[in-house]
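Worksheet for the structure shown next.
The analysis underlying the following values was restricted to heavy atoms, covering all of them including side chains, and did not include hydrogens, waters or symmetry mates. Remember, predicted model here, so these are calculated numbers, not experimental data. Here is the naming used below: chain letters follow the sequence lines, and residue numbers restart at 1 for every chain.
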Amino acid sequence: MTTNALTSGPGSGRTGDRVFSTAARSAGILILLTLFAVALFLFVQALPAFTADPADLSGGQGFFSYIWPIVIGTVIAAAIAIVLATPVGLGVALFISHYAPRKLAAPLGYVIDLLAAIPSVIYGIWGYLVLAPVLVPGYEWLNQHLGFLPVFGGPVSQTGKTMLTAGVVLAVMVLPIITSLSREIFLQAPGLHEEAALALGATRWEMIRMSVLPFARAGIISAVMLGLGRALGETMAVALVLSTGTLIPSLIKSGNQTIAAEIALNFPEAFGLRMSELIAAGLVLFVITLAVNMIARWIISRHQQFSGAN
Amino acid sequence: MKLSRTTQIASVLSVAALALTACGSDNPTGSTEGSGGSSQESSKAVTGTLTGIGASSQKAAMDAWKSGFESTGEGAKVQYSPDGSGAGRKAFLAGGAQFAGSDAYLSDEEFESSKDVCGPAGAFDIPAYVSPIAVAYNLEGVEGLKLDAKTIAAIFALEVTTWNDPAIADQNEGVDLPDTNITVVHRNDESGTTENFTQYLSATAGDTWTYEESGDWPSDLQSENAKGTAGVVSTTTSTPGAITYADASAVGELGTVAVKVGEDYTELSAEAAAKAVESAEPVTGRSDVDMALELKRDTTESGAYPISLVSYHIYCSSYPDQETVDLVKAWGNYVVGAEGQQAAADSAGSAPLSEPLMEQAHEAIDSIEVAS
Amino acid sequence: MTNATLTPVPAAPVANRRNRLSKGRLPRWAIPVVGLSALVLGAAGSTLGGFSIASMLIYTALLFVVGATAVTVIVEGRRQGTNSFFTYLIHGCFILALIPLISVLYTVLERGLPGMTSNFLFTSMNGMTGAVDNQSVADGTPVLGGAYHAVVGTLLITAFSTIISVPIGMLAAIYLVEYGQGKALSRGITFFVDVMTGIPSIVAGLFAGALFGILFGPSTRMGIVAAVALSVLMIPTVVRSTEEMLKIVPNELREASYALGVRKWRTIAQVVIPTAISGIASGVTLAIARVIGETAPILVTAGLANNINFNVFSNWMATLPTFIYYQILSPTSPTNIDPSAQRAWAAALLLIIMVMVLNLGARLIARVFSPKTGR
């Protein structure tokens, strides 16, 4: 089937080339246009919040003092999620790609992918019905033994609806994203390199460290970034799990808030300036993601040599 | 060949999709057409689709109204999206919905801007859904707790922190109060329920409650919270010693506080809530038919329950064509009529409007006309 | 540490039986013995601070990893020790990841299975009121009302957003990897696609709503608006995962194809993409899985319907996530929330099953297109 297709006339090929590259470029431009439209929309809607009299905004002290606690809250929640999910996610991906018996690997990957399919509302409900009560004794233990650290300061929330719980729920949510993508990349690692490493007497871990991980580094960072994107922007799960409040250092007390949850919780009843304020918060979230991604791209750009196409 | 396998898969998938879509029914209750209610409006057949957007507090009542209304008239359909009061008023003022559901009546500013879509007489508010707000607690073995406004405020302001505090015990002689810590649970989403509750506290508790009236819980008061009525009720139910405020219909197993009004303590009931709404004062400076109400939170009338949520339907005083006017009138009259109010009470546990208010609402709705 | 006293026990007989061929090897029973001792010590340790299964398992796992690694290091050397340490760690990660998965699935199954009746699957919520729910609770009759309308809505809206975003996303990724290397446009796209992953989902919904509002009048709500909103969320995931997968296709394949005189677009369409198709399918499935569970953007774009609607281009629609959201947060009958909760969990189960089927479908497609000689 492929042979005759490949040797078709040269003229049609050239047209094909042109059509194909134009289509590809237009798709790229379309994405840019969409994003520009979204940014414009956000900016126009958010503008009143930036220009308004500071006293009219929530908190009465201007946009900055309104936004910074929830920016920090967002970063804390996403950081907890990524710190917990990245090592576990990579471990699971390695397990599936290099440790599990071949016959088991595919179904196992499939099972992990299932986690991605569960809607965030369900994670939220699971988080506060099942997970939060289970974690309370753990938090009490942490408070007892490590209470001198501000992050484990008491008194411990009796419902378990805290920042740390929200972070754990987010970690569970981003785990399949990290696992699924990095697994695909681990599987694509050149078999020859792996075999060569093993033949030289490397142990399995040495083989992974020397031939699989360097190859996959850029992909892993991409996978983590996609996960981070979800953790930063997740609304419903955080809104349901977290007992929100002002910014506090303790992760096991009720308190803190994230941008996405702030929007989701207050948007339905918001009107006028409050609405602009929430959209401006969305814009800030946008900027955070931008910054995080720039850093990631910069890291990746230092490892270009492992890209197959150049 | 590759291609044939692809087609195979595609055909299997499409057959599966067809099988799934072939046999769905829009009639889960198995009722026959039109049996849902007696058809008193049937003399005037209305058709078309009416769109409403607004408060999520009305959702359960709206389900009942929709199904009741659609079964009385042939071909008339109502769709309602519970996006929230703010979103509803915004969409309504932009002409995106024929009516709005809102926990707050139109502000003066909004009333002015409603003249753009509704003609010179603007829009008007009709109370459609009255739901008493319960102060509910989870304390095993303690029933019928009695509290005055100051004590309620002190509890929610985190000043009274244990259940056997003298402030509580003094009003509840003979009740065995444990020394459990009080866990305050509030809404973490902006809501009409919070707004009405904080209005009550600031009107009645004097200097014990110094916070602003707002749909947002005061951020200085750090305590447990959850999203939505269902969220606070479930958190309170699972936390011993917790107290919250929530729509009375949803409190389930929790104990409810009898609130001190005048010299007596008023138990929570639909009648007591309706009584308080009846004695509310109309807001002035609106169109003649507007029924926006200012509840007297500090009422001393015995038997009135002062903490209620009054949720409105907002209609235009004129619509562009006769068909829409007929549809809106039929719908509006159904909702505030005895039948509609009873349907909401059965389904959503709301307090039906009193007779005089119903009369007034019918009058207001009948004044809707075709725009000239 | 307690392990120090433990190690000589398995190590001693090893020393006795050591010969040239099995030199520096742990006997088969050594690891199970370490595991068993870790279990005993873990149980003992956890009783010190109030016994609980969780703390016992945590202690046991830690003791086992440390103990087994130490044993391996002592007998087989540092390199093998590192190897076994990471082996246990990676297995541990997998088990750790399974815990929340099983817990979530168990919760959904436990609460959702009772609601999976034929009435639930094949009827809508049309005409359902709180009074009906109160009645069925009072009489103890089965819960009425179903999610058929939401299933239809979910399938249609997700299908349309996939139709919109997969071609655009894949073509853009192809441009990035195959055509645009180093060009300003390509750098711009890469950068802004990253930014797009950070759009909060509600903003995507508001944007689509505003866009259609400008085109068709205020508050235009229908399935296709929701599909556009979901596409905005889906495209970056598709681009990003496709891009990664295309990048790791070895250049040798492309060069071999060019050397045979094959046009660039045919090389891409018939060599590069088939090689990467399994990964691409995985990425697309992931993207679909992400948007199929979105609630917030659907609420503001597709409205909330209780009746069945097959037309994405007119009238409101419901999807499973919005159905779940409203059934949980504003139950049909506030006085009796159990019927609503049951419908919500059943809908969640249904949604998971749908994504499972979809996942299988994507794998099947990937298998059909991917090269037969692949790994």
Heavy-atom closest pair, residues [X] and [Y]:
X      : Y      : result
A/V92  : C/C93  : CG2-O, 3.6 Å
C/I90  : A/G91  : CG2-O, 3.3 Å
C/A97  : A/V88  : CB-CG1, 4.1 Å
A/A202 : C/R79  : CA-NH2, 3.8 Å
C/G279 : A/E184 : CA-OE1, 3.6 Å
C/Y179 : A/S21  : CE2-CB, 3.4 Å

A/F36 versus chain C, the contacting section by heavy-atom distance below 4.5 Å:
neither
Taking side chain as everything from C-beta outward and backbone as N, CA, C, O, which of these in A/V38 sits under 4.5 Å from a heavy atom of chain C? Side chain, backbone, both or neither.
both
Any side-chain heavy-atom pair from [X] and [Y] closer than 4.5 angstrom?
X      : Y      : result
C/L329 : A/L240 : yes
C/I268 : A/F20  : yes
A/L129 : C/R111 : yes
A/F41  : C/L206 : yes
C/T107 : A/I122 : no

Can you tell whether the side chains of A/D17 and C/K264 come within less than 4.0 Å, N to carboxylate O?
no
Where on [X] is there a heavy atom nearer than 4.5 Å to chain A: the side chain, the backbone, both, or neither?
X      : answer
C/I168 : both
C/R240 : side chain
C/V272 : neither

Is a side-chain donor-acceptor pair under 3.5 Å present for A/R204 with C/T87?
no
In terms of side-chain heavy atoms, does C/S103 have a donor or acceptor partner in A/W126 at a distance below 3.5 Å?
yes
Taking C/N83 for its side chain and A/T203 for its backbone only, find out whether a donor-acceptor pair lies under 3.5 Å.
no
Residues forming a ring-ring contact (aromatic ring centres under 6.0 Å, His included) with A/F95, sequence neighbours excluded:
C/H91, C/F94
Show your reasoning for whether side-chain contact (heavy atoms from CB on, under 4.5 Å) applies to A/V130 and C/Y106.
CA-CA 11 Å; A/V130 180; C/Y106 175 77; over 6 Å; no
Intermediate values then yes/no, side-chain contact (heavy atoms from CB on, under 4.5 Å), A/I279 and C/V203:
CA-CA 8 Å; A/I279 293 198; C/V203 169; 5.9 Å; no
